[in-house]
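Chain letters run A, B, ... following the sequence lines, proteins first, then strands; residues in each count from 1. Keep in mind the model is a prediction, meaning the values are calculated, not measured.
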There are 2 protein chains.
Amino acid sequence: MREFKRKSRILLIDDNADHLRGVKELITLESSYDVVGTTTSANIGINLAKKYRPDIILMDVNMPEKDGLQAIQEIEKLNLDIRVICLSGYDDADLIFRAMKIGAKGYVLKTMASAQLIYAIDEVAAGKIYLPTALTSRFFEYFQHSFKEEANISSEENLLTYLTAREEEVLDLLTQGNNYKGIAGKLFISETTVKTHVNNIFQKLQVNDRTQAVLYALNNGFANKRRAKLAV
Amino acid sequence: MREFKRKSRILLIDDNADHLRGVKELITLESSYDVVGTTTSANIGINLAKKYRPDIILMDVNMPEKDGLQAIQEIEKLNLDIRVICLSGYDDADLIFRAMKIGAKGYVLKTMASAQLIYAIDEVAAGKIYLPTALTSRFFEYFQHSFKEEANISSEENLLTYLTAREEEVLDLLTQGNNYKGIAGKLFISETTVKTHVNNIFQKLQVNDRTQAVLYALNNGFANKRRAKLAV
DNA sequence: TAATTTATCAATCTAAAGATGTAAGACAAA
DNA sequence: TTTGTCTTACATCTTTAGATTGATAAATTA
């Protein structure tokens with residue numbers, strides 16, 4: 001069963017007026033999409049997005065007035081189910097990474113063949129996320145690089161392994177911002193006992209105070225809820 | 001100018017002996033790669049990797065004895081410049097994400113056409129990172145989802161925005177484990193001034209002590225080196 | 001069984017942290 | 001000019017944190 005699909009409506013944002021015209025012409029002539037608006041200003045673009053509710057926005061990410069990435073973030077926050085495809089002159093890995101991170105559904109280079117742009121729009125219009133193969137490879141190199149450093153750091157020697165089970169419990173409560181009294185109350189032991197544990201923790205982690213202990217714990221894989229989601 | 005390239009040497013690790021045989025046959029007959037070893041055990045596989053130094057490992061990620069992902073991590077730690085391609089029966093987004101995170105250079109489903117596997121090996125052998133289009137899309141959905149939650153959390157109301165520039169400097173030094181004296185020394189101001197700033201920070205962040213302030217800062221986007229690399 | 005580790009608790013002391021109030025000079029906005 | 005905010009600074013006081021030493025019972029390991 002094939003459901004009815006209306007033509008996707010597209011908004012173009014690009015500070016280069018020539019390129020803007022070119023893309024509009026391309027889409028109008030070579031595809032079945034509607035260009036519902038064009039602008040050379042990111043700020044105006046955001047307003048047009050609110051007004052026309054396009055299905056897709058082609059956004060230049062290299063604009064002087066306002067950063068394209070910032071514009072994408074603002075649009076994403078509106079939760080209007082608008083899918084943004086980045087247009088960029090550069091295949092900078094960091095740019096690609098940040099764009100995908102904040103929710104871009106595609107990233108296409110201006111230097112790529114026009115057929116590739118149309119294909120990207122087709123894919124994104126169909127609900128997919130699309131990156132050209134070459135950019136995907138660049139993305140993953142950057143992605144893996146950013147995690148490799150983390151791995152190297154924590155593979156030196158993790159002093160946390162020397163902690164006893166009880167000390168880990170105490171440290172866990174420390175990383176939640178508890179003071180001695182709070183920890184004692186939660187573990188049903190005396191405050192002086194907590195002090196003993198905490199002092200032993202300091203010795204083992206080779207730190208001077210609780211803040212440093214907490215920082216060591218967080219930087220060396222002591223899972224605190226949030227980050228655990230991205231942990232292996 | 002085209003440099004000489006010797007045939008890439010491949011090690012196969014898959015606890016399913018039938019599948020192992022099939023893949024070996026495929027590679028031997030349909031490609032120009034050398035299969036230098038096969039094993040159904042992840043642990044033996046790691047030893048074979050050390051011994052034969054293959055260029056590429058095809059690793060099943062769903063094994064009972066030892067998790068394939070764990071095996072990949074151990075191999076990556078050896079720094080032998082071995083490129084690992086995951087073979088999996090499932091297109092589970094979380095699995096794909098974790099595999100790529102720990103350094104897999106490719107991820108191919110067992111259900112995919114054999115030509116696709118050969119193509120993946122070709123790409124990885126050529127130094128690229130390869131994910132089939134369908135899996136790339138899944139990866140990005142997962143990737144974006146994991147960051148969207150972060151964005152939502154910090155979009156409640158970030159008390160950090162109320163801090164003055166100087167207070168941010170002080171907080172930054174706090175998040176590095178400095179005490180009053182350390183901060184005073186680094187900012188060339190008196191210790192009492194630091195106390196004033198710190199107290200104001202506590203007020204604005206609505207916390208009781210420095211540990212809580214540091215935790216608030218870290219959980220609300222206050223960039224400390226490491227994480228800054230992944231921040232927008 | 002003897003030795004070791006772990007978890008518990010206490011007393012004591014010093015140093016550091018935190019609360020509170022006050023205030024002067026710089027600077028920008030109204 | 002006045003108002004307000006920011007940065008700097010000090011004094012005083014209370015509370016908390018941290019270091020050190022010592023001790024006991026239970027559990028583990030040699």
Side-chain angles (χ1 to χ4, degrees), chain A residues 43 66 157-224, chain B residues 154 157-225:
Chain A
N43 287 322
K66 172 172 274 187
E157 195 204 358
N158 199 333
L159 300 176
L160 292 171
T161 58
Y162 298 131
L163 299 183
T164 67
R166 197 54 159 174
E167 285 162 356
E168 279 187 9
E169 281 186 87
V170 173
L171 181 55
D172 186 48
L173 291 170
L174 276 181
T175 62
Q176 288 169 33
N178 291 286
N179 57 15
Y180 287 133
K181 195 186 286 183
I183 297 172
K186 273 153 196 161
L187 296 182
F188 303 107
I189 56 181
S190 85
E191 221 171 305
T192 59
T193 304
V194 179
K195 286 193 179 190
T196 306
H197 287 312
V198 170
N199 263 290
N200 290 334
I201 291 170
F202 291 167
Q203 302 295 321
K204 292 184 178 177
L205 300 187
Q206 298 167 22
V207 298
N208 303 312
D209 55 53
R210 63 181 55 207
T211 308
Q212 291 179 0
V214 167
L215 289 170
Y216 186 92
L218 296 182
N219 286 328
N220 291 83
F222 204 76
N224 85 331
Chain B
S154 58
E157 195 205 359
N158 200 332
L159 300 176
L160 292 171
T161 58
Y162 298 130
L163 299 183
T164 66
R166 197 57 160 173
E167 285 162 359
E168 282 187 8
E169 282 186 84
V170 173
L171 180 55
D172 185 48
L173 291 170
L174 277 181
T175 62
Q176 290 170 31
N178 291 285
N179 58 14
Y180 286 133
K181 195 186 286 183
I183 297 172
K186 274 154 196 160
L187 295 182
F188 303 106
I189 55 179
S190 84
E191 221 172 306
T192 58
T193 304
V194 178
K195 286 194 179 189
T196 306
H197 287 313
V198 170
N199 263 290
N200 290 334
I201 292 170
F202 292 167
Q203 301 296 321
K204 292 185 178 177
L205 301 187
Q206 298 167 23
V207 298
N208 303 313
D209 54 53
R210 62 181 54 210
T211 308
Q212 291 179 1
V214 167
L215 289 169
Y216 185 93
L218 296 182
N219 286 327
N220 291 84
F222 204 76
N224 86 329
K225 290 85 226 161

Which atom pairs link the protein and nucleotides 24-30 of chain D when you take only N or O atoms and keep those under 3.5 Å?
none

inquiry  = Does B/L160 form a side-chain contact (heavy atoms from CB on, under 4.5 Å) with B/L171? I'd like the steps, not just the answer.
reply    = CA-CA 10 Å; B/L160 292 171; B/L171 180 55; 3.6 Å; yes
message = Run the side-chain hydrogen bond (donor to acceptor under 3.5 Å, both in side chains) test on B/Q176 and B/D172 for me, step by step, so that the C-alpha distance in whole Å, both residues' side-chain angles and the decisive distance to 0.1 Å come before the verdict.
response = CA-CA 7 Å; B/Q176 290 170 31; B/D172 185 48; 3.3 Å; yes
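Nucleic acid contact class of B/T164 (heavy atoms, under 4.0 Å, all strands): sugar-phosphate only. Counting non-hydrogen atoms under 4.0 angstrom, A/T192 reaches a base of the nucleic acid. Contact annotation for B/T193: base contact, defined as any heavy-atom pair under 4.0 Å involving a base atom.
Between A/L187 and A/V170, the closest side-chain pair of non-hydrogen atoms falls below 4.5 Å. Counting heavy atoms from C-beta on, the side chains of A/V214 and B/V214 never come closer than 4.5 Å. The shortest distance between side-chain heavy atoms of A/L159 and A/N220 does not fall below 4.5 Å. With contacts defined as side-chain heavy-atom distances shorter than 4.5 Å, the pair A/T164/A/H197 does not qualify. Contact of the B/R166 side chain with the B/I189 side chain is registered, since non-hydrogen atoms from C-beta on lie closer than 4.5 Å.
A search for side-chain contact (heavy atoms from CB on, under 4.5 Å) contacts involving A/K195 returns A/Y180, not counting sequence neighbours. Applying the salt bridge (Lys or Arg N to Asp or Glu O under 4.0 Å) rule to A/K204 yields the partners A/E167; only residues at least two apart in sequence or on another chain are considered.
Remark: side-chain polar atoms of B/Q212 are paired, donor with acceptor, to backbone N or O of A/G177 under 3.5 angstrom. Of the possible polar contacts, none joining the A/N178 side chain to the A/I183 backbone as a donor-acceptor pair under 3.5 Å is found.
To the nearest 0.5 angstrom, B/N200 atom CG is 9.5 Å from B/L163 atom CG.
You can see that DNA chain C meets the heavy atoms of chain A within a 4.0 Å-exclusive cut from C/dT6 to C/dA10, reading 5' to 3'.
Comparing the end axes of the helix from C/dT1-D/dA30 to C/dA30-D/dT1, each fitted to five base pairs by superposing C1' atoms of four pairs onto the next four, gives an inter-axis angle of 50° (nearest 10 degrees).
Here D/dC10 presents its C1' atom at 14 Å from CD1 of B/I189, a figure rounded to the nearest Å.
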key: Under 4.0 Å protein heavy-atom contact, by nucleotide of nucleotides 17-22 of chain D - B base, S sugar-phosphate only   = BBBB--
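Of all the heavy atoms in A/N179 and A/G182, the pair that sits closest is OD1-N, 2.9 Å.
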